[in-house]
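Letters go in sequence order (proteins before strands), and every chain restarts at 1. Just so we're clear, the structure is a prediction, and the values are computed from it rather than from any experiment.
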2 protein chains.
Amino acid sequence: MPQPRKRATVHDIAAAAGVSRGTVSRVLNGGYVSTEARAAIEAAITEVGYVPNTAARTLKMRRSQAVGFVALEPHSLFLDDPNIGAIMLGANAALSLADHQMVSLVVESARDTERVGRYLSGGFVDGAIVVSARTHDPIIKMISDLRLPAAFVGHPPDLDQNIPYVGIDNVGSARTVTERLLATGRRRVGMIAAALDRDSGIDRLTGFRAALGDRFDADLVADVPHYDYGSGVKGMRLLLERDPTIDGVFAASDAIAAGALEALREAGRSVPREVGIVGFDDSTWAVRTQPQLSTVHQPAKEIGSCAAQLILRQLSGEQITPEGQLLPTPIIWRDSA
Amino acid sequence: MPQPRKRATVHDIAAAAGVSRGTVSRVLNGGYVSTEARAAIEAAITEVGYVPNTAARTLKMRRSQAVGFVALEPHSLFLDDPNIGAIMLGANAALSLADHQMVSLVVESARDTERVGRYLSGGFVDGAIVVSARTHDPIIKMISDLRLPAAFVGHPPDLDQNIPYVGIDNVGSARTVTERLLATGRRRVGMIAAALDRDSGIDRLTGFRAALGDRFDADLVADVPHYDYGSGVKGMRLLLERDPTIDGVFAASDAIAAGALEALREAGRSVPREVGIVGFDDSTWAVRTQPQLSTVHQPAKEIGSCAAQLILRQLSGEQITPEGQLLPTPIIWRDSA
DNA sequence: TTGTACGCGTTATCAG
DNA sequence: CTGATAACGCGTACAA
């Protein structure tokens, strides 16, 4: 078995180079040191293959140069939400540039919640990005209490006022697409609303409702648990059953829209001729359905890097405006509406 | 700004409870301590909201109770490979049960490689799971040199003999599905081969070739870079151009198969009547295409948990058989072939 | 049952 | 420019 061999310490390499630990530390971290001493030390370092012990450094410096990326309820997320990956990549790129290590932590169970809490508070990370927290998620209070520099992606209503967040204008985007659906002559416009325990889900419904005004009809809203394909199929079937004359649908995500398309095909309805449909996310789904989806573009990478910046700025002692930051969401008109 | 307040230490809570640091440590880690002392200490702990400093514990114990999950080239992975998420979830679940924190590290650039190397060797993790390494990936040597307990998902040919891996029998699975394609009367069977710089890509091609034997025709192999939809479209177009009489296709992934379906639709070929097609992965793609895909099921969650077990066993000092571990891959016959 | 003292590997301070 | 020495916060022999 590859038993981790005893690793060389600053002490060892000091001995090997015939100098003191202080001098070694100085060549490692920059400082005045004579050319010959530096040479001897560098030789010793490559000789024994020294690698610094970051845990010790963290203890001493009170800085780990690491930032946590906490993914809540990743089961549905990883399997159906294409955004989470892009957000991670965006955050990682930004942190990487600032020489910080992004470590992502997955929270699936109560056991995970507690362990991740310990991890976050144990000095392993200097800050945390939290993605897709639900309302009343215990992690919210945990982060507040810890006073750990944090940034949320999305903003659960009970989020601590002092914690910044980044997101998109779900209400406005939903309203805009719904209005467009109406402007193109759709008379009976419904919505497949999902994830009403998250701010994104609630806000999209709010926007839809705002666009409809007096014409809003609660019967034309199908409430499904997740942003996934299966929910889309079920939601659309329900809507067709409740009102066969429905001719427009705002789906809370592209995956849902794709499922809705399937249900409409089953029912023999043609899209966009008989029914117009718009999605949300501009994910890979959008261009693979037949017809391709009109949808709201989410700048996922930018969201990730923006959240990372929010952390980095806090770490450099900058005062952060407590309000959130909303990124623009261009609307992409394709063929489905 | 939420400035991290000075955190209470064992020292502080010892003072508050009027005992010594040793006693505090004993109630934290289990040991003989009088009921009254315990009560006083526990009161003090909740009073000041003490949380242990894990970095210090790591330094002392030489154990971080954390395991790295290294995702190489996640860009294409996260966006097109549905398995990576499931593997992560499987690994996390297994590690969670053993009270270990999974921390996933993303490697996208040379800069990332170096930083992740430092992270892995810095004592932040007790072991590492490495997923989808390419041949000659620098991370391989890095892990070998570090002698860090590790487990690979898949096995690049130049993997250190001492490092265990877990995977599936790509050669056998590919061979089986190809044989079935032939057995159902397909005469001109081609393959869209992808990722030939990874073991998975190479092995699937090998299995395909083995099934064909003398009938193998290099012209009927389209070589595409990634396991994604776009590659599938291009690969299929190429195949149709090279031999319009092609009537069977083994696609190296479901995403590729879905792309191939699109290209066949373009060309006016009906599936499975004129052309039979099989995919690989049994991902969400498989049941969303029209017709649904016949494919090879990858037990992604099991792969993740198996890799985690491999690490945990090494951490408990167990001798690991250096060979890899291959998980079964049931073949799912649906409608596309 | 409890307290004391030491060391884990670093970096920082301060004389020399 | 360099070398000793003191923390950082914790676990644990060892002695009491």
State whether the number of non-hydrogen atoms from other residues, nucleotides or ligands found under 6.0 Å of B:E42 atom CD is greater than 12.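 More than 12 within 6.0 Å, yes.
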5' precedence on DNA chain D between B:P52 and A:A37 (nearest-nucleotide basis):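 Whichever sits nearer the 5' end wins; that is A:A37.
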So which one's nearest nucleotide on DNA chain D is more toward 5', B:S25 or B:A56?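 Taking each residue's closest nucleotide, the earlier one in sequence belongs to B:A56.
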Would you say [X] places a side-chain N or O within less than 4.0 Å of OP1 or OP2 belonging to [N]?
X	N	answer
A:N53	C:dT10	no
B:Y50	D:dC10	yes
A:S34	D:dT2	yes
A:S20	D:dG3	yes
A:R62	D:dG9	yes
A:T23	D:dG3	yes

How many Å lie between [atom1] on [X] and [atom2] on [N], as a whole number?
X	N	atom1	atom2	value
A:L28	C:dT11	CG	C1'	10 Å
B:R63	D:dG11	CZ	P	15 Å
B:K60	C:dC8	NZ	C1'	6 Å
B:R57	D:dT12	CZ	P	9 Å
B:N29	D:dC10	CG	C1'	9 Å
A:L59	D:dG9	CG	C1'	6 Å
B:Y32	C:dG3	OH	P	18 Å
A:Q65	C:dT10	CD	C1'	15 Å

Does a salt bridge link A:D158 with A:K141, judged by any charged N lying under 4.0 Å from a carboxylate O?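 Salt bridge absent between A:D158 and A:K141.
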Look at the side chain of A:D126 and the backbone N and O of A:Q65, then say whether any donor-acceptor pair between them is shorter than 3.5 Å.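 Yes, the answer is positive, given that a donor and an acceptor are paired below the 3.5 Å cut-off.
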Using modelled atom types and a 3.5 Å cut-off, is there a donor and acceptor pairing between side-chain atoms of B:N29 and backbone atoms of B:S25?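 Yes, because the side chain of B:N29 sits within donor-acceptor range (under 3.5 Å) of the backbone of B:S25.
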Looking at every heavy atom in both A:F124 and B:A55, which two are closest together, and how far apart are they?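 Answer, listing the atom of A:F124 first, then B:A55: CE2-CA, 4.2 Å.
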